[in-house]
Participant: 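Sharing a structure with you now.
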2 protein chains.
Amino acid sequence: MTFDEAKDKFIHTWGTLATQWGINRSMAQLHALLLIAPQPLATEDVMEQLQISRGNASMNLRDLMDWGLIYKQLKPGERREFFMAEKDIWKVARQVAKERRRREITPVVEVLNELKMISTDTPEAKEFQRVMEGLSSVVGFADNTLNAVIKAEENWLMGQFLKVFR
Amino acid sequence: MTFDEAKDKFIHTWGTLATQWGINRSMAQLHALLLIAPQPLATEDVMEQLQISRGNASMNLRDLMDWGLIYKQLKPGERREFFMAEKDIWKVARQVAKERRRREITPVVEVLNELKMISTDTPEAKEFQRVMEGLSSVVGFADNTLNAVIKAEENWLMGQFLKVFR
DNA sequence: TTGTGGTTTCAAAATATTTTGAAAGATTTG
DNA sequence: CAAATCTTTCAAAATATTTTGAAACCACAA
């Protein structure tokens with residue numbers, strides 16, 4: 001496989017995976033492209049390489065910045081803006097974990113806590129409460145796992161631990 | 001909050017969360033409904049309660065069975081099929097972990113391994129390989145975590161461990 | 001101030017996904 | 001076997017999401 005083939009395959013694969021995770025293809029491909037770019041790229045570059053429109057590029061670059069996954073870079077003497085991805089992949093993972101926790105886990109925890117407190121006078125209500133409690137524990141686990149990623153500066157301890165379960 | 005309000009809120013919340021995870025709303029709501037139903041439900045019941053069409057119900061019930069999250073139940077003397085959800089939430093979590101691992105992680109691991117082996121004669125290629133290696137380790141972590149969930153019959157050990165990171 | 005080179009916005013178009021519902025397919029019963 | 005009852009399928013309709021591209025905007029230089 002040539003380097004260009006590998007590059008295409010990576011960008012494509014990353015885009016496909018992302019859609020299964022509720023992230024749109026352009027954003028994922030943009031991220032993939034910047035991840036493997038040795039130099040910061042200008043908007044024109046990414047439009048060119050991914051064959052997407054200016055608006056699309058602009059919006060998704062902004063979203064990626066909101067996620068803390070890429071940065072703007074200004075080159076002295078250059079008017080245009082350049083973009084570079086955060087290359088420390090564990091930092092990327094922490095960032096994603098942090099955002100997903102904030103956007104998805106936290107609100108659900110709140111709703112579950114609210115719903116757990118319903119009175120249990122009928123069989124339906126009793127069942128309902130049981131399910132809510134079970135879900136709380138699973139969501140709590142997910143929350144802890146994300147926190148582990150977020151907090152872990154070094155990951156060897158976690159690595160060691162997880163071997164236990166293999 | 002009355003029980004009915006709580007029920008609606010749960011079904012609605014679950015549906016919203018699911019879409020962020022690439023699962024469609026009907027499927028999520030069906031699952032939510034069956035999770036909190038004390039008795040198995042017939043197709044008509046779910047159509048009625050969620051206000052969805054027969055075809056929609058049929059397809060998504062089938063998908064939920066493929067995921068191993070619900071079961072068909074035959075009642076003696078009844079011609080129709082009834083559906084009940086797996087109520088052991090940790091079993092549900094294990095099932096979801098298993099499926100997502102199979103459908104998402106495993107293929108990516110394979111692609112990454114393939115892409116890691118590219119020759120590193122240019123700076124671009126060198127950078128590319130670095131990124132692939134980093135991603136491999138992150139994806140490997142995700143894989144291990146899912147495995148931990150899949151393998152863990154009891155979760156106290158994991159619970160204890162994860163406290164370390166709090 | 002105006003012109004130039006860039007970025008952002010957003011309504012409309014394109015595309016993708018989900019849902020519907022009617023027809024075809026099963027399976028049980030008389 | 002035919003009728004009754006229920007399930008599945010799938011093309012078309014509805015809906016939701018993504019992408020486009022032209023206009024508005026912005027910052028700087030002349």
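Residue numbering restarts at 1 for every chain, and letters A, B, ... go by the order of the sequence lines.
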Participant: If only atom types and distance count, is the side chain of B:Gln129 paired as donor or acceptor with the main-chain N or O of B:Lys126 below 3.5 Å?
Facilitator: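 Not confirmed, B:Gln129 side chain does not pair with B:Lys126 backbone.
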Participant: Should the pair B:Arg80-B:Glu44 be classified as a salt bridge under the 4.0 Å nitrogen-to-oxygen rule?
Facilitator: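 Salt bridge between B:Arg80 and B:Glu44, a charged N being under 4.0 Å from a carboxylate O: no.
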Participant: Round to a whole Å and report the spacing from CE of B:Met65 to C1' of D:dT7.
Facilitator: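 So the CE-C1' distance, B:Met65 to D:dT7, works out to 10 Å.
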Participant: Has B:Lys72 got a side-chain N or O lying under 4.0 Å from the OP1 or OP2 atom of D:dC6?
Facilitator: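 Checking B:Lys72 against D:dC6: no side-chain N or O falls below 4.0 Å of OP1 or OP2.
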Participant: Whole angstroms only, please: what is the CG-P distance between B:Leu61 and C:dT18?
Facilitator: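 Taking CG of B:Leu61 and P of C:dT18, I get 16 Å after rounding.
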Participant: From the list C:dT20, D:dT8, D:dT19, which nucleotide is the closest neighbour of the side chain of A:Asn56?
Facilitator: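 The answer is D:dT19.
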Participant: How many Å lie between CG on A:Asp63 and P on D:dT18, as a whole number?
Facilitator: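 To the nearest whole Å, that distance equals 10 Å.
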Participant: Measure the CD1-NE2 distance between A:Ile70 and A:His31 for me, rounded to the nearest 0.5 Å.
Facilitator: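 Separation between the atoms: 8.0 Å.
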Participant: Please give, in whole Å, the distance from D:dG21 P to A:Gln51 CD?
Facilitator: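 In whole Å, D:dG21 P and A:Gln51 CD are 11 Å from each other.
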Participant: Could you state the atom-to-atom distance from CG of A:Asn60 to C1' of C:dT7 in whole Å?
Facilitator: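 Distance, rounded to whole Å: 15 Å.
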Participant: Could you identify which residues of residues 41-50 of chain A place a heavy atom less than 4.0 Å from some atom of DNA chain D, listed by residue number, or say none?
Facilitator: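 Those residues: none at all.
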Participant: Using 0.5 Å steps for rounding, measure from the CD1 atom of B:Ile36 to the CZ atom of B:Phe3.
Facilitator: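 Result: 6.0 Å between the selected atoms.
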Participant: From CG of B:Leu30 over to P of D:dT7, roughly how many Å is that when rounded to an integer?
Facilitator: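 Atom CG in B:Leu30 sits about 14 Å away from atom P in D:dT7.
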Participant: Has the side chain of A:Glu5 got a donor or acceptor atom that lies under 3.5 Å from a matching backbone atom of A:Thr2?
Facilitator: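 Side chain of A:Glu5 to backbone of A:Thr2: a pair is present.
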Participant: Are the side chain of A:Thr16 and the backbone of A:His12 linked by a donor-acceptor contact shorter than 3.5 Å?
Facilitator: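 Checked: pair present.
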Participant: Can you tell me how far P of D:dA14 sits from CD1 of B:Ile52, to the nearest Å?
Facilitator: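 In whole Å, D:dA14 P and B:Ile52 CD1 are 18 Å from each other.
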Participant: For residues B:Lys7 and B:Gln49, is any side-chain donor paired with an opposing acceptor at under 3.5 Å?
Facilitator: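 B:Gln49 and B:Lys7 do have a side-chain donor-acceptor pair below 3.5 Å.
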Participant: Measure from the side-chain N and O atoms of B:Asn60 to the backbone N and O of B:Asn56, and report whether any donor-acceptor pair falls under 3.5 Å.
Facilitator: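 Looks like yes, one N/O pair under 3.5 Å.
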Participant: Both conditions, 6.0 Å and 45 degrees, for the charged tip of B:Arg25 above the ring of B:Trp14: are they met here?
Facilitator: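 Cation-pi check for B:Arg25 and B:Trp14: fails.
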Participant: Looking at B:Trp21, is A:Arg100 sitting on its ring face, NZ or CZ under 6.0 Å from the six-membered ring centre and within 45 degrees of the normal?
Facilitator: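 Verdict for B:Trp21: a cation-pi partner in A:Arg100.
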Participant: For DNA chain D, which residues in residues 10-29 of chain A have a heavy atom at a distance below 4.0 Å?
Facilitator: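 A:Asn24, A:Ser26, in order of number.
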Participant: Could you tell me how far apart B:Leu74 (CG) and D:dT5 (C1') are, to the nearest whole angstrom?
Facilitator: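 So the CG-C1' distance, B:Leu74 to D:dT5, works out to 15 Å.
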Participant: Please confirm whether the shortest side-chain N or O distance from A:Lys75 to OP1 or OP2 of C:dG6 is below 4.0 Å.
Facilitator: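 Answer is no, no contact under 4.0 Å.
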Participant: Do side-chain atoms of B:Thr145 reach the backbone of B:Phe141 as a donor and acceptor pair under 3.5 angstrom?
Facilitator: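 Present.
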Participant: Could you pull out the protein-nucleic contacts involving nucleotides 23-30 of chain D (nitrogen or oxygen on both sides, under 3.5 Å)?
Facilitator:
from, atom 1, to, atom 2, distance (Å)
D:dA27, N3, A:Arg79, NH2, 3.1

Participant: Taking A:Ala42's backbone N and O only, do any of them form a donor-acceptor pair with A:Asp45's side chain (distance below 3.5 Å, no angle check)?
Facilitator: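 Looks like yes, one N/O pair under 3.5 Å.
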Participant: Take A:Glu81 and B:Ser53, find for each the nucleotide of DNA chain C with the closest heavy atom, and name the residue whose nucleotide sits nearer the 5' end.
Facilitator: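 Checking each residue's closest nucleotide, the 5'-ward one belongs to A:Glu81.
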